[in-house]
Novice: 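I am attaching a structure below and will ask some questions about it afterwards.
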Amino acid sequence: MNRGAAAVSRPTELVRARAVSKTFGADALATNVLHDVSFVLPPGELTLLMGPSGSGKTTFISILAGVMRPSEGEVHLCGSEISALSENAVSRV
């Protein structure tokens, strides 16, 4: 008897970054690399990140991957807020 496949919930967003900012250094030496960046990547979507050298592309990707933490804002990966997880938890995600 075939009972049918169980309904599988697919995320509507693979990655969501909300109001992400990243600053390196402090006080007079502070350098704002990203300021209030928001981004949504649906599953299956092909997205390219372009910009001039030094514009923050690698920093942004590192934050989306959980390798680097944002100074402000939050990042969700498949519904889990990775910007609030420990390093061990991020490596499991």
Side-chain angles (χ1 to χ4, degrees):
M1 175 177 196
N2 185 357
R3 296 181 186 182
V8 176
S9 176
R10 294 193 184 269
T12 59
E13 300 170 346
L14 184 60
V15 177
R16 173 182 284 278
R18 187 168 60 200
V20 169
S21 295
K22 182 65 178 177
T23 302
F24 292 102
D27 302 323
L29 299 176
T31 302
N32 246 354
V33 178
L34 300 173
H35 179 69
D36 198 30
V37 177
S38 295
F39 171 77
V40 174
L41 178 65
E45 180 109 355
L46 174 63
T47 302
L48 303 174
L49 186 60
M50 296 173 46
S53 178
S55 64
K57 299 177 302 290
T58 301
T59 300
F60 187 57
I61 290 171
S62 295
I63 290 172
L64 293 180
V67 173
M68 188 180 291
R69 297 196 183 269
S71 300
E72 295 180 31
E74 57 189 42
V75 177
H76 295 258
L77 178 61
C78 296
S80 296
E81 186 181 349
I82 63 170
S83 52
L85 298 175
S86 70
E87 288 183 28
N88 287 339
V90 169
S91 66
R92 287 191 301 271
V93 171

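These figures come from a predicted structure and were not determined experimentally.
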Novice: To check you understand the geometry: which heavy-atom pair defines the closest contact between Ser38 and Ala19, and what is its length?
Specialist: OG-N, 3.1 Å

Novice: Are Val67 and Leu49 connected, step by step, through hydrophobic side chains (Ile, Leu, Val, Met, Phe, Trp, Tyr) whose heavy atoms are closer than 4.5 Å?
Specialist: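 No, Val67 does not connect to Leu49 through the hydrophobic network.
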
Novice: Any side-chain donor paired with an acceptor under 3.5 Å for Thr23 and Asn32?
Specialist: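 Indeed, the side chains of Thr23 and Asn32 share at least one donor-acceptor pair under 3.5 Å.
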
Novice: Considering non-hydrogen atoms only, spot the tightest contact between Val20 and Glu74 and give its length.
Specialist: CG2-O, 3.7 Å

Novice: Determine whether Val37 and Ile63 make a side-chain contact, defined as any pair of heavy atoms from C-beta on separated by less than 4.5 Å.
Specialist: no

Novice: Can you check whether Leu14 reaches Pro42 side chain to side chain, under 4.5 Å on heavy atoms?
Specialist: no

Novice: Grab the two heavy atoms, one from His76 and one from Gly79, that are nearest each other, plus how far apart they are.
Specialist: ND1-O, 4.0 Å

Novice: To the nearest 0.5 Å, what is the distance between NE2 on His35 and CD on Glu72?
Specialist: 8.0 Å

Novice: Where is the tightest heavy-atom contact between Pro43 and Thr12, given as atom of each residue plus distance?
Specialist: CD-O, 3.5 Å

Novice: In the single-linkage hydrophobic clustering (I, L, V, M, F, W, Y; side-chain heavy atoms under 4.5 Å), do Val40 and Ile82 co-cluster?
Specialist: no

Novice: How many angstroms lie between CG in Leu34 and OG1 in Thr59, if you round to the nearest 0.5 Å?
Specialist: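 Interatomic distance, Leu34 CG to Thr59 OG1, rounded to 0.5 Å: 6.0 Å.
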
Novice: Shortest non-hydrogen contact from Gly56 to Val33?
Specialist: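 Taking every non-hydrogen atom into account, CA-CG1, 3.8 Å.
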
Novice: What's the spacing between Leu41 CG and Thr47 OG1 if we round to 0.5 Å?
Specialist: 4.5 Å

Novice: Looking only at heavy atoms, which two atoms of Lys57 and Pro52 are closest? And how far apart?
Specialist: NZ-O, 3.0 Å

Novice: So, Lys22 side chain and Arg69 main chain: donor-acceptor pair closer than 3.5 Å or not?
Specialist: yes

